[in-house]
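No experiment lies behind these values; they were computed from the predicted model shown.
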Amino acid sequence: MQLIGDLGAVTDAMIPGHVGRYNDTFAPRAFGDNFSAMGISTILIESGAYPQDPNRQKARAVNVAMLVRALDSIASEAYADVSLEPYHSIPMNNSNSFKDVIFDAVQVVDGEHTYRIDIGINRSSDARQNGYIREVGDLSVFPAFERHDAKELTYKAGKAYTIPDEGLTLSHHEYLNLMKEGFTHFNGDARILSISTHLPVLVNPRSIPGSRPQQRQNATFLLQQQDQVAIAVLAGVVIQFN
């Protein structure tokens with residue numbers, strides 16, 4: 001605890017306000033907890049994501065800085081002069097509270113019903129294909145790496161484009177045009193689809209949202225403004241049209 005308190009000088013300087021701590025309940029399947037059970041002190045550092053840093057360079061830099069600080073503090077025994085207050089002042093981690101993307105106040109028209117909801121999206125490590133709707137409803141209490149004011153936008157389910165029998169060459173420009181026409185994914189034989197775009201291309205996807213977005217569905221849909229596509233969301237990747 002004293003050493004963690006000493007490491008707080010590093011995190012306060014490099015990522016202020018972005019650190020939480022877990023409780024110290026013993027977990028029999030945990031590597032570090034079993035070392036602790038043998039009397040060997042351990043510190044677990046969980047390196048989360050950071051805004052606009054998909055390659056985790058910030059996490060690498062902070063980890064190195066903390067390791068250097070820890071080794072120096074142990075060697076010099078500087079940690080022994082640190083009280084427990086810095087450790088206990090670290091707020092407890094709130095699991096699953098952070099969303100990668102939140103769209104605030106999206107209008108949904110579902111049959112005769114019209115209402116507004118927030119849509120929260122999480123991306124997996126392979127954000128190109130596996131973004132999913134984590135939560136819907138009032139998400140005002142949740143933080144997000146990327147937040148969009150969507151009160152002028154209306155949710156629209158994306159259409160499936162059928163791959164023709166002769167095949168399809170999909171350029172980036174053509175793909176954007178298909179999105180503007182309301183298409184977000186493809187049906188058919190993926191082997192005859194030639195792709196030339198860095199954007200996610202979903203072929204025969206599962207759990208595509210219908211007339212209303214729901215939890216655990218693939219985060220692939222459209223947001224319209226005055227019947228024109230303003231934003232396309234493909235597997236959690238946000239594409240904005242001017």
Sequence-distant partners of [X], salt bridge (Lys or Arg N to Asp or Glu O under 4.0 Å), two or more places apart:
X      : value
Glu152 : none
Asp149 : Lys151
Asp104 : Arg147
Arg216 : none

Using side chain to side chain donor-acceptor pair (under 3.5 Å) as the criterion, list what pairs up with [X], not counting sequence neighbours.
X      : answer
Ser196 : none
Gln215 : none
Ser207 : none

How does the hydrophobic cluster around [X] look, that is, which other residues are in it when side-chain heavy atoms under 4.5 Å mark a link?
X      : result
Val82  : none
Ile119 : Val101, Phe103, Val106, Val108, Tyr115, Ile117, Ile121, Ile133, Val136, Leu153, Tyr155, Phe221, Leu223, Ile231, Val233, Val238
Val64  : Val68

Could you pull out every donor-acceptor pair under 3.5 Å between side chains of residues 5-13 and any protein atom, sequence neighbours left out?
| unit_1 | atom_1 | unit_2 | atom_2 | d |
| --- | --- | --- | --- | --- |
| Asp6 | OD1 | Arg69 | NE | 3.4 |
| Asp6 | OD1 | Arg69 | NH2 | 2.8 |
| Asp6 | OD2 | Ser73 | OG | 2.6 |
| Thr11 | OG1 | Gly8 | O | 3.2 |

List the residues meeting ring pair (Phe, Tyr, Trp, His ring centres under 6.0 Å) with Phe183, not counting sequence neighbours, and say none if there are none.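 Listed in chain order: Tyr161.
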